[in-house]
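Below is one structure, written out as structure tokens; the observations come after it.
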Amino acid sequence: MTNLRVYVLIFAIASVYTTQLWAQKIEIGAGLGAMNYKGDISPYLQIGTAKLGGNLFFRYNLKKDLSFRASALMGSIAGDDKNSSDPFNQQRGKNFSTTINELSLTAEYNFFNYQYHRYHKDWSPYVFGGVGFMKFSPRDNPTADYKQNQIVLPFGVGIKYNIKGPWDLNFEFGTRKTFTDYLDNLGGNDPTLPKTQQNDYSKGDMYYYTSLTLSFKFIKIYCPPN
């Protein structure tokens, strides 16, 4: 009888942990961060031109090391030739500001078994990648007839940290590969500029998002019947 009680107790404890782990599959979060850009006006990533961005996301934790995330990102990017060390950019004297709205689906791979559990890591580095759709709107009138709705490829790295219980902090740096040269409203053969100030339109623009997010996991606590 004693052994039977021990087995029942072990089974009950295992059931509690299994139920808790299963319930952690759904997660929601929100965050703020900085958006940067690289293109004709800023050939290199310039931290000083960062603009505010915000994001919302829904995460589905399929396994301990694999998650899928649906995200919405809203923010803006900006640049000014005067901030460049390139004499060509300084002579041209162009500047821009563009708002960006993005929806994306990405997969995340956690390097550690990351879950709310006493026997698992309470932090983990991760990588992510996927596909997204973005709409951008330049401050000034478009200089050419280009599409402002574009496919993007988001990818990057991050770190997850469990604060307590269902609450997590995520720090993330992400890059967006685009298929347009007009995020800065400057691309192709610009008729308003002399030939000596034309752009290198063989290169597409890119933007970046560095964020700190707070997320909440829906954890169920199993209560055995009386």
Side-chain angles (χ1 to χ4, degrees), residues 30-57 71-104 106 127-159 170-213:
L32 292 174
M35 296 186 68
N36 293 89
Y37 137 94
K38 184 175 73 172
D40 296 301
I41 292 181
S42 295
Y44 305 99
L45 180 61
Q46 296 181 356
I47 304 300
T49 61
K51 294 294 182 180
L52 183 65
N55 66 300
L56 301 171
F57 67 87
S71 305
L73 169 63
M74 299 143 283
S76 62
I77 55 175
D80 195 322
D81 274 336
K82 295 179 180 179
N83 296 326
S84 175
S85 59
D86 189 333
F88 167 81
N89 290 66
Q90 295 178 358
Q91 180 183 8
R92 184 174 56 189
K94 290 284 187 177
N95 62 76
F96 83 99
S97 178
T98 297
T99 60
I100 293 179
N101 295 315
E102 173 196 289
L103 296 175
S104 65
T106 56
V127 294
F128 71 92
V131 64
F133 176 83
M134 66 102 167
K135 177 178 175 57
F136 67 98
S137 302
R139 173 195 61 197
D140 302 323
N141 294 328
T143 57
D145 184 18
Y146 55 81
K147 294 181 179 179
Q148 298 180 22
N149 301 320
Q150 296 280 338
I151 297 294
V152 295
L153 300 179
F155 58 93
V157 297
I159 297 178
N170 292 192
F171 179 75
E172 182 176 289
F173 173 78
T175 300
R176 270 65 176 177
K177 165 64 177 175
T178 74
F179 300 92
T180 179
D181 193 39
Y182 286 97
L183 288 183
D184 46 23
N185 199 26
L186 188 63
N189 188 12
D190 190 342
T192 65
L193 296 175
K195 291 184 177 180
T196 56
Q197 296 187 26
Q198 294 296 339
N199 308 296
D200 183 5
Y201 53 87
S202 63
K203 298 180 180 178
D205 297 338
M206 301 179 72
Y207 63 98
Y208 309 85
Y209 182 52
T210 305
S211 63
L212 184 66
T213 63

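In this chain, residues are counted from 1 in sequence order.
- Residues that satisfy the side-chain hydrogen bond (donor to acceptor under 3.5 Å, both in side chains) test with Glu172, not counting sequence neighbours, are Arg69, Tyr126.
- Side chain of Thr98 to backbone of Ile77: no donor-acceptor contact under 3.5 angstrom is found.
- One finds the OG1 atom of Thr106 at 6.5 Å from the CZ atom of Phe128 (value rounded to the nearest 0.5 Å).
- Sequence neighbours left out, not one pair with a member in residues 43-52 passes side-chain hydrogen bond (donor to acceptor under 3.5 Å, both in side chains).
- Taking Tyr208 as the reference, Phe173 meet the ring pair (Phe, Tyr, Trp, His ring centres under 6.0 Å) condition, with sequence neighbours excluded.
- Distance check: Ser76 OG to Tyr207 OH gives 12.0 Å after rounding to the nearest 0.5 Å.
- With sequence neighbours excluded, no residue forms a side-chain hydrogen bond (donor to acceptor under 3.5 Å, both in side chains) with Asp80.
- Taking Ile159 as the reference, Trp123 meet the side-chain contact (heavy atoms from CB on, under 4.5 Å) condition, with sequence neighbours excluded.
- If you check the side chains of Tyr37 and Asp184, you find a donor sitting under 3.5 Å from an acceptor.
- The distance from the CE atom of Met74 to the OG1 atom of Thr99 is 12.0 Å, given to the nearest 0.5 Å.
- Distance check, rounded to the nearest 0.5 Å: CE of Met206 to CG of Leu45 gives 10.0 Å.
- With sequence neighbours left out, Phe171 forms a ring pair (Phe, Tyr, Trp, His ring centres under 6.0 Å) with no residue at all.
- For the atom pair OG1 (Thr178) and CD (Glu102), the distance works out to 11.0 Å, reported to the nearest 0.5 Å.
- Judged by distance alone, with hydrogens and angles left aside, the side-chain atoms of Asp140 form no donor-acceptor pair with the main-chain N or O of Asn185 at under 3.5 Å.
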Would you tabulate the side-chain donor-acceptor contacts of residues 147-157 under 3.5 Å, counting partners in other chains and residues two or more places apart, or write 'none'?
{"residue": "Gln150", "atom": "NE2", "partner": "Lys147", "partner atom": "O", "Å": "3.0"}

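- For Tyr209, there are no ring pair (Phe, Tyr, Trp, His ring centres under 6.0 Å) partners two or more places apart in sequence or in a different chain.
- Heavy atoms only, all atoms of each residue included: Ala72 and Leu103 are closest at CB-CD2, 3.7 Å.
- Under the side-chain hydrogen bond (donor to acceptor under 3.5 Å, both in side chains) criterion, Asp81 pairs with Asn89, Arg92, sequence neighbours left out.
- Side-chain contact between Asp40 and Asp205 is present, with heavy atoms from C-beta onward closer than 4.5 Å.
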- Task: Evaluate the side chain to side chain contact (heavy atoms under 4.5 Å, CB included) criterion for residues Leu73 and Met35: first the C-alpha distance (whole Å), next the side-chain angles of each, then the deciding distance (0.1 Å), finally the verdict.
- Result: CA-CA 10 Å; Leu73 169 63; Met35 296 186 68; 4.2 Å; yes

- Apply side chain to side chain contact (heavy atoms under 4.5 Å, CB included) to the pair Arg176 and Leu183, showing each step before the final yes or no. CA-CA 12 Å; Arg176 270 65 176 177; Leu183 288 183; over 6 Å; no

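- Under the side-chain contact (heavy atoms from CB on, under 4.5 Å) criterion, Ala144 pairs with Tyr146, Tyr182, not counting sequence neighbours.
- Legend: residues meeting side-chain contact (heavy atoms from CB on, under 4.5 Å) with Thr213, ordered by chain and number and at least two apart, are Asn55, Phe57, Asn170, Ser211.
- No more than 12 heavy-atom neighbours from other residues, nucleotides or ligands sit within 6.0 angstrom of NZ on Lys82.
- Here the CD1-OG distance, from Ile41 to Ser84, works out to 10.0 Å after rounding to the nearest 0.5 Å.
- For Ser42, there are no side-chain hydrogen bond (donor to acceptor under 3.5 Å, both in side chains) partners at least two apart in sequence or on another chain.
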